[in-house]
Amino acid sequence: MTIEQLYDAYLAHPIVTTDSRRTPQDSLFFALKGELFDGNQYAASALEQGCALAVVDDPAVVRDERYLLVEDVLTALQQLAALHRSRLGTPVIGITGTNGKTTTKELMAAVLSSTYHILYTEGNLNNHIGVPLTLLRLRPEHQIAIVEMGANKPGDIAELTAIARPDYGLITNIGRAHLQGFGSLEGVRRTKGELYDHVRAAGGALFLHTDDDTLVAMAEGMDYVSYGTSPAATVQGRLSPQQDSPYLSFDLMDGVSDTRVMTRLVGDYNLPNALAAVAAGRFFDVPDEAIVSALASYKPGNNRSQWMETERGNSLIVDAYNANPVSMRAALDNFDTIRTDKTPVLILGDMNELGAESAAEHAALLRRIREGRSNRVLLCGPCLMAMEQDFPEGAMGFADHVALAHYLEEHPIHDSLILLKGSHGIHLENIIPLC
Ligand code: ATP
Ligand code: MG
């Protein structure tokens, strides 16, 4: 079957699914392969449960005309998404970077959807499958699309930009994460830079964080809307001087009167994320009042930058969604500046996927903890446990969240300000009910 024929099938059945357990009526099933499964084996059951057609690449499973045989299902999905994106011609904003992609995407979507019909990445579906699935939700009525793009290794962003062909690009920042796949920070820089390369070739524009010298150097010669804390930035923001609430608040400076923006996000490190959303709003002519109220209403989900008051009298910052050296340091810096009468307590987990730099980065984390104000420290995960001899005085180590939970059941924490942060794989979110 050619890609044009597949496109006709898609136009007739524009709801796409890749999960044979979730089969909306009349949808188009793509039989993807994973490490442990082969979607071809589930095509029959997807059709039985309501899918109209199944795209497969194993001729042996084809039984009737509802099976659409292609060379490779993943490639077909990606080519179909690319074709659909180019047919509709909707302006696309691509977002990548080490930290803050999802938060920036959500804030930008909140701002732009006050005025436009927006399509944006659902949750964190930012990889070689998630990006095509996002684009295949694009409909003629959408006026702007915001697509998050994640990367684990060189070439990932080039592959995603070839599909999504963003007109506008935003790199949140470039830091030390997924070093296992990238090899080095330079590898991270080059990979994220594939987004700028694409936008440059396409004659598009950037949203550029001008506080970040690396990004500024990479953007040389390109069109951009700048945001940051310096007066040179087109969208300039400054943290509010009095910080009585745990939430980020900042002033948008416009040279005449400043506008106070109150958010529901914990952590000063969210300032550039919010300014990026302002920059996109201004670029697309969203009125300032709508921008400010959208930023004030957005509440983060999924254990990112969340604030909770618990039954045990604790104030809890939950940032258990992911962790790498940059976001860990940003979270600790922020934690140390929060004014509180409560006892500061750190519950931190391993930073995964750092490859050869893992030991050095965890050692740096232990040094940073020693410099901070917390003297009650609970550390969780095998990488940290391997350095138990270097723990700050009084710090306790736990092999996994189960052991940590067990300890907290016996020794509950009260009246404390707690930071809960670690890589997703450490599952510190399971500790929330015990805090
Ligand atoms: P992923 O790679 O998992 O998709 P992401 O880039 O989408 O992550 P978010 O989910 O928005 O990032 O945020 C994850 C965590 O990164 C936050 O909870 C926070 O700790 C940290 N973070 C967010 N924005 C920044 C920033 N601008 N600078 C440093 N750290 C940040
Ligand atoms: Mg994300």
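Each residue takes its place number in the sequence, starting with 1. All ligand and atom numbering here is 1-based and tracks the order in the structure.
The closest approach between any non-hydrogen atom of Met328 and ligand 1 is not below 4.0 Å.
Counting heavy-atom neighbours within 6.0 Å of Arg139 CZ, excluding the residue itself, gives a total above 12.
With Thr121, Asn273, Val326 as candidates, the residue nearest to atom 24 (N) of ligand 1 on a non-hydrogen basis is Asn273.
Taking the ring centroids of Phe283 and Tyr168, they lie under the 6.0 Å cut-off. Remark: aromatic rings of Phe207 and Tyr227 are distant, center separation not under 6.0 Å.
For atom 14 (C) of ligand 1, the closest non-hydrogen atom on the protein side is Asn322 OD1, 3.2 Å. For atom 6 (O) of ligand 1, the closest non-hydrogen atom on the protein side is Lys101 NZ, 2.8 Å. Among all non-hydrogen protein atoms, the one lying nearest atom 20 (O) of ligand 1 is Asp319 OD2, 2.5 Å. Nearest protein heavy-atom neighbour of atom 31 (C) of ligand 1: Asn99 CB, 3.4 Å. Looking from atom 11 (O) of ligand 1 to the surrounding protein, the closest heavy atom is Thr103 OG1, 2.5 Å. Arg304 NE, 2.4 Å is the protein heavy atom nearest to atom 10 (O) of ligand 1. Nearest protein heavy-atom neighbour of atom 4 (O) of ligand 1: Asn124 OD1, 2.8 Å. Among protein heavy atoms, atom 12 (O) of ligand 1 sits closest to Gly100 N, 2.9 Å.
If you check the side chains of Ser249 and Ser240, you find a donor sitting under 3.5 Å from an acceptor. Neither side chain, Asn273 nor Thr103, offers a donor N or O lying under 3.5 Å from an acceptor on the other.
Applying the side-chain contact (heavy atoms from CB on, under 4.5 Å) test between Ile171 and each of Leu215, Ile95, Leu206 identifies Leu215 as the sole match. Tested against Leu135, the residues Arg85, His84, Arg165 include a single side-chain contact (heavy atoms from CB on, under 4.5 Å) partner, Arg85.
In terms of distance to the Mg ion (ligand 2), the nearest N, O or S atom of Glu148 is named OE2.
Set against the non-hydrogen atoms of Ser305, the atoms of ligand 1 under 4.0 Å away are 18 (O). Atoms of ligand 1 found under 4.0 Å from any heavy atom of Ser327 (numbered from 1 in listed order, with element): 16 (O), 20 (O), 21 (C), 30 (N).
Ser305 OG to Asn334 CG: the interatomic distance, rounded to the nearest 0.5 Å, is 8.5 Å.
With a cut-off of 2.8 Å, the Mg ion (ligand 2) has an N, O or S atom of Asn124 in range. Contact annotation: Thr102 places an N, O or S atom under 2.8 Å from the Mg ion (ligand 2).
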For this session: Evaluate the side-chain contact (heavy atoms from CB on, under 4.5 Å) criterion for residues Ile418 and Ile317: first the C-alpha distance (whole Å), next the side-chain angles of each, then the deciding distance (0.1 Å), finally the verdict.
Result: CA-CA 6 Å; Ile418 307 174; Ile317 298 173; over 6 Å; no

